[in-house]
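One structure is given below, encoded as structure tokens.
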Amino acid sequence: MEAGQVFHTTLRPIPAWYLPVWIAVTTPPIFLLLILGGIISVLVLTIRVLRQKVWLERSVCFRILLGILLLMAYLSVVIGKSNLYNGWRHCYFMYGPMVILAVCAVCDFMHICASKRLRKGGVLLLTLQMLLCVVIIAKTYPYEFAYFNLLAGAHPEENWEVDYWGIGAKDALEKVYDSIGPCSVSDATEYTTLHAWEQSSDELRAAIEITPNEKSDYLLVDVSRMNRFLKAAASQWWKGGTGIYVLHVLKEQCEPVMTFYSGRTLVYALYENPWV
């Protein structure tokens with residue numbers, strides 16, 4: 001799911017803009033600007049080389065090579081119609097060249113900018129962004145993977161994939177156990193809660209039972225997955241199963257008894273089972 005649109009491997013393949021948009025909404029703003037600056041510098045240097053028909057110093061050639069690698073990786077995804085699940089995690093290998101280009105953009109800024117005060121301001125801004133990232137990671141642990149910048153909107157879970165493979169479900173179950181105690185829980189969105197339960201402590205597994213929807217005390221919901229299923233079911237190219245009715249009732253008629261956030265992003269929600 002991206003920007004509220006749901007894609008499918010065969011029924012509705014991802015478009016060419018899928019990867020750039022995901023990178024844009026999940027990268028800290030200052031880093032994103034530096035990456036864009038680095039890419040623009042590669043384009044300018046490439047045009048200069050083509051016009052002069054003479055290769056420049058090694059550092060310039062290295063930048064152009066990084067740009068070519070990024071372009072090849074992107075084209076391989078688009079032309080090869082690669083399957084990208086849950087955001088752009090299958091393309092994280094591209095982040096290395098992007099970081100190097102961002103560092104090159106910093107060097108260019110320090111070299112071109114004549115104002116000493118402006119250079120100090122740029123360094124201060126970059127330092128603050130890095131410190132903010134540290135604070136966000138520490139504050140949102142273990143949901144730091146669900147970071148979205150302001151470009152993703154006020155409620156990222158409504159329009160973007162947040163959790164995957166139930167990474168946050170284990171922490172959610174631990175908090176349910178600490179707050180509620182022994183109970184039965186069902187995964188209303190998929191099987192990831194069972195996987196998280198299997199990785200939990202013996203004490204938790206003895207107290208919390210994973211049961212089908214119709215028998216559980218509570219329903220644990222991966223919020224972004226719920227929104228994805230509901231949007232897909234509302235489309236003309238995919239029909240949801242019986243579980244869609246359960247999710248629709250939970251979203252439209254029920255209030256969660258517990259919520260689990262990563263910053264401003266709602267990752268998981270726990271509902272009392274309305275059918276018990």
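Since the structure is predicted, the reported quantities are computational estimates derived from the model, not experimental observations. Numbers here are sequence positions counted from 1.
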Val99, Val123: one ILVMFWY side-chain cluster at the under-4.5 Å cut-off? no

Going by heavy atoms in the side chains, are Thr27 and Tyr95 under 4.5 Å from each other? yes

NZ of Lys139: more than 12 outside heavy atoms within 6.0 angstrom? no

Verify salt bridge (charged side-chain N to carboxylate O under 4.0 Å, His left out) between Arg205 and Asp202, making sure each step is shown before the conclusion. CA-CA 5 Å; Arg205 285 188 281 114; Asp202 293 339; 2.2 Å; yes

Which is it for Trp22 and Cys91 under the side chain to side chain contact (heavy atoms under 4.5 Å, CB included) test, yes or no, and what are the steps along the way? CA-CA 11 Å; Trp22 260 102; Cys91 294; over 6 Å; no

Test of understanding: clusters of I, L, V, M, F, W, Y form through side-chain heavy atoms closer than 4.5 Å, transitively. Do Val134 and Ile30 belong to the same one? no

Between Met98 and Ile23, is the side chain to side chain contact (heavy atoms under 4.5 Å, CB included) condition met? List the steps. CA-CA 11 Å; Met98 288 193 293; Ile23 293 175; 4.2 Å; yes

Using a 4.5 Å cut-off on heavy atoms from C-beta on, say whether the side chain of Ser184 contacts that of Asp217. yes

Which residues satisfy the salt bridge (charged side-chain N to carboxylate O under 4.0 Å, His left out) test with Lys120, sequence neighbours excluded? none

Of all residues at least two apart in sequence or in a different chain, which pass the side-chain hydrogen bond (donor to acceptor under 3.5 Å, both in side chains) check with Tyr143? Asp171

Set of residues satisfying side-chain contact (heavy atoms from CB on, under 4.5 Å) with respect to Ser201, sequence neighbours excluded: Glu203, Leu204

Identify the heavy atoms of Tyr218 and Ser216 that sit nearest to each other, and give their distance. O-OG, 3.1 Å

Heavy atoms, side chains only, cut-off 4.5 Å: are Val25 and Asn149 in contact? yes

Same hydrophobic cluster for Phe145 and Val135, using side-chain heavy-atom links shorter than 4.5 Å among ILVMFWY? no

Would you say that more than 12 heavy atoms from the other residues, nucleotides or ligands in this model lie under 6.0 Å from the NE2 of His90, or not? yes

Any heavy-atom pair between the side chains of Val106 and Leu34 that's under 4.5 Å? yes

Flag if over 12 foreign heavy atoms under 6.0 Å of CG, Leu124: yes

Using 30° and 60° as the class limits, which term best fits the ring planes of Tyr92 and Trp88: parallel, tilted or perpendicular? perpendicular

Report yes if the side chains of Ile136 and Tyr147 come closer than 4.5 Å at any heavy-atom pair, otherwise no. yes

Are Leu270 and Trp197 connected into the same hydrophobic cluster when the rule is that any two of I, L, V, M, F, W, Y join if their side-chain heavy atoms are below 4.5 Å apart? yes

Does the side chain of Leu132 come within less than 4.5 Å of Pro28's, by heavy atoms? no

Tell me, do Val60 and Ile64 make a side-chain contact under 4.5 Å, heavy atoms counted? yes

Side chain to side chain contact (heavy atoms under 4.5 Å, CB included), that's the test. Do Trp160 and Thr26 meet it? Break it down for me. CA-CA 10 Å; Trp160 307 87; Thr26 56; over 6 Å; no

Is the side chain of Tyr18 donor-acceptor paired with the backbone N or O of Gly87 at a distance under 3.5 Å, no angle test? yes

Between Thr265 and Thr140, is any pair of side-chain heavy atoms under 4.5 Å apart? no

Cluster question for you: counting only ILVMFWY and a side-chain heavy-atom cut-off of under 4.5 Å, with indirect links fine, are Met110 and Leu125 together? yes

Lys/Arg-Asp/Glu bridge criterion (N-O < 4.0 Å) met for Lys251, Glu158: yes

Pick one: which of Thr46, Leu45, Ile39, Ile40 meets side chain to side chain contact (heavy atoms under 4.5 Å, CB included) with Val42? Thr46

